[in-house]
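As structure tokens, the structure follows; a few thoughts come after it.
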Protein chains: 2
Amino acid sequence: MSTKPRGRPRAFEPGAALDALTNVFWTHGFAAASLDMLAASAGVNRPSLYAAFGDKRTMYLRAIEKVAAQLEASIAQVLAGERPVSDELTTFYEESIAAYLDGESGPRGCLIVCTAPSSSLDEPEVKDALRAVLAMIDRGLEKRFATAREAGELATDTDVRALARVASSALHSLAIRARAGESRAQLLTLARASVALTVGVPRSRRKR
Amino acid sequence: MSTKPRGRPRAFEPGAALDALTNVFWTHGFAAASLDMLAASAGVNRPSLYAAFGDKRTMYLRAIEKVAAQLEASIAQVLAGERPVSDELTTFYEESIAAYLDGESGPRGCLIVCTAPSSSLDEPEVKDALRAVLAMIDRGLEKRFATAREAGELATDTDVRALARVASSALHSLAIRARAGESRAQLLTLARASVALTVGVPRSRRKR
DNA sequence: CTATTTTTATGCGAGATAGTACAAAAATGT
DNA sequence: ACATTTTTGTACTATCTCGCATAAAAATAG
């Protein structure tokens with residue numbers, strides 16, 4: 001099937017290179033990330049980067065797509081509907097917080113929530129990608145809440161759409177707060193309070 | 001008291017110049033705002049800008065301080081404790097949404113929430129300023145909720161600190177969503193749902 | 001072994017960028 | 001009138017920036 005391509009083989013793996021690009025954008029944002037930094041981080045020369053990914057804006061959009069895909073997978077996996085909705089939502093926040101805090105040199109929040117808004121007015125495609133990701137998060141939570149409503153975990157008259165938007169808000173705020181330097185304990189306080197307000201106290205923490 | 005200064009008088013008003021700088025940073029963020037843009041927007045030459053405000057980073061920090069002061073004033077005024085907490089909180093969100101949507105050329109969210117996170121890892125002072133503003137918002141809401149609890153509008157065992165952090169989250173999200181292009185109606189839906197979840201349905205909208 | 005194809009690496013080049021030096025300008029003090 | 005003080009505006013420098021042109025390198029095809 002995939003017979004060997006004709007010319008000189010690539011000296012780098014595009015997937016690993018995109019990981020490196022994503023890392024640079026995550027720390028510095030779009031505008032402050034220079035091509036020299038990006039190329040050095042990927043261990044590749046600038047022309048090779050251009051050949052593989054296009055210009056800087058395209059590289060940034062690829063990074064957003066990559067993170068968005070991971071996030072979508074995480075939502076599908078954690079909010080699978082196998083445990084009580086409050087437990088799953090708690091896990092979702094906890095895992096997000098862990099991801100926001102574990103940058104190579106300190107906390108850095110979410111690439112999309114924390115860096116895309118800044119460049120979204122100069123780069124319409126970034127704005128579109130940002131809006132799409134926000135909508136994807138809303139939809140993922142809405143779907144889980146709809147299941148919970150059917151299962152009797154939420155009142156039958158619950159507006160799951162609006163509820164999902166509130167639950168997403170906590171996620172956005174967690175990303176920003178993590179990047180601003182808030183402690184894990186502070187972030188967890190917000191996460192737990194948000195869960196309690198949106199879907200009720202988790203069974204494991206309910207007084208009795 | 002303020003006898004006239006000795007040398008050639010200023011040809012621009014520093015307050016108006018800072019407004020112009022703030023405007024540029026609001027649209028483009030810190031890194032993408034060039035000194036040429038800033039100077040042109042303020043109608044001033046670059047050396048005059050440097051003399052008045054210091055370097056670009058300092059200009060950006062002044063812009064953040066200015067917006068933070070306006071926000072603090074808005075919180076004190078709108079959440080004064082003169083009306084039911086749900087009404088005041090609704091007004092607070094509505095006014096914030098109006099501000100997020102009324103940029104000169106389209107919606108642009110909040111300068112601090114939408115642009116500061118992106119440069120906060122490269123510029124520690126920006127990170128500190130961002131964290132301080134987030135804490136200020138949390139405190140302002142917490143204070144109002146504490147008053148509401150004393151007034152019997154919230155249950156006596158309400159954790160007003162955690163509640164305030166959730167209410168702040170909605171504000172952060174509104175800022176980002178506005179900049180991403182969500183409609184006023186979408187933003188209002190989130191605002192109303194957040195009010196309902198945190199402090200209950202406003203009297204004016206309560207069924208009976 | 002030669003031709004072809006694709007990637008790599010050096011390096012260029014046009015332009016933007018941040019910050020500053022310096023002289024002219026515009027005010028006040030004496 | 002003249003010196004002093006402060007701001008203005010032009011010009012400058014040194015550096016960075018993006019993106020690309022071009023030739024060498026490394027593979028396959030025949």
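Letters A, B, ... are given to chains in the order of the sequence lines, protein chains preceding strands, and every chain is numbered from 1.
Remark: A99(B) pairs with no residue by the side-chain contact (heavy atoms from CB on, under 4.5 Å) rule, at least two apart or across chains.
For E94(A) and R192(A), the salt-bridge test passes: some basic side-chain N is under 4.0 Å from an acidic carboxylate O. Remark: R139(A) does not engage E142(A) in a salt bridge, criterion side-chain N to carboxylate O under 4.0 Å.
You won't find any donor-acceptor pair under 3.5 Å spanning the side chain of R46(B) and the base of dG9(D), going by distance alone.
A donor atom on one side chain and an acceptor atom on the other are not found under 3.5 Å apart for D87(B) and T90(B). One side chain, T91(A) or R83(A), offers a donor N or O that lies under 3.5 Å from an acceptor on the other.
Using a 4.0 Å cutoff on non-hydrogen atoms, the parts of residues 12-42 of chain A near DNA chain C are F12(A), ordered by number. Within a heavy-atom distance below 4.0 Å of DNA chain D, the residues of residues 47-60 of chain B found are P47(B), S48(B).
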Got a list of side-chain donor-acceptor pairs under 3.5 Å for residues 111-120 of chain B, not counting sequence neighbours?
from, atom 1, to, atom 2, distance (Å)
T115(B), OG1, Y60(B), OH, 2.7
T115(B), OG1, L111(B), O, 2.7
S120(B), OG, P117(B), O, 2.8

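A donor-acceptor contact shorter than 3.5 Å is absent between the side chain of S74(B) and the backbone of Q70(B).
Pairs of residues two or more places apart, or lying in two chains, never qualify as ring pair (Phe, Tyr, Trp, His ring centres under 6.0 Å) while including a residue from residues 79-136 of chain A.
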Exercise. Where do D19(A) and N23(A) land on the side-chain contact (heavy atoms from CB on, under 4.5 Å) test, with the steps shown first?
Worked result: CA-CA 6 Å; D19(A) 286 348; N23(A) 200 41; over 6 Å; no
Considering only nitrogen or oxygen atoms on both sides, find all protein atoms under 3.5 Å from nucleotides 2-5 of chain C and state each distance.
from, atom 1, to, atom 2, distance (Å)
dT4(C), O2, R6(A), NH1, 3.1

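Scanning all heavy atoms of the two residues, the minimum distance from R165(B) to Q186(A) falls at NH2-O, 2.8 Å.
Closest to the side chain of R10(A), from the set dA9(C), dC18(D), dT7(C), is dT7(C).
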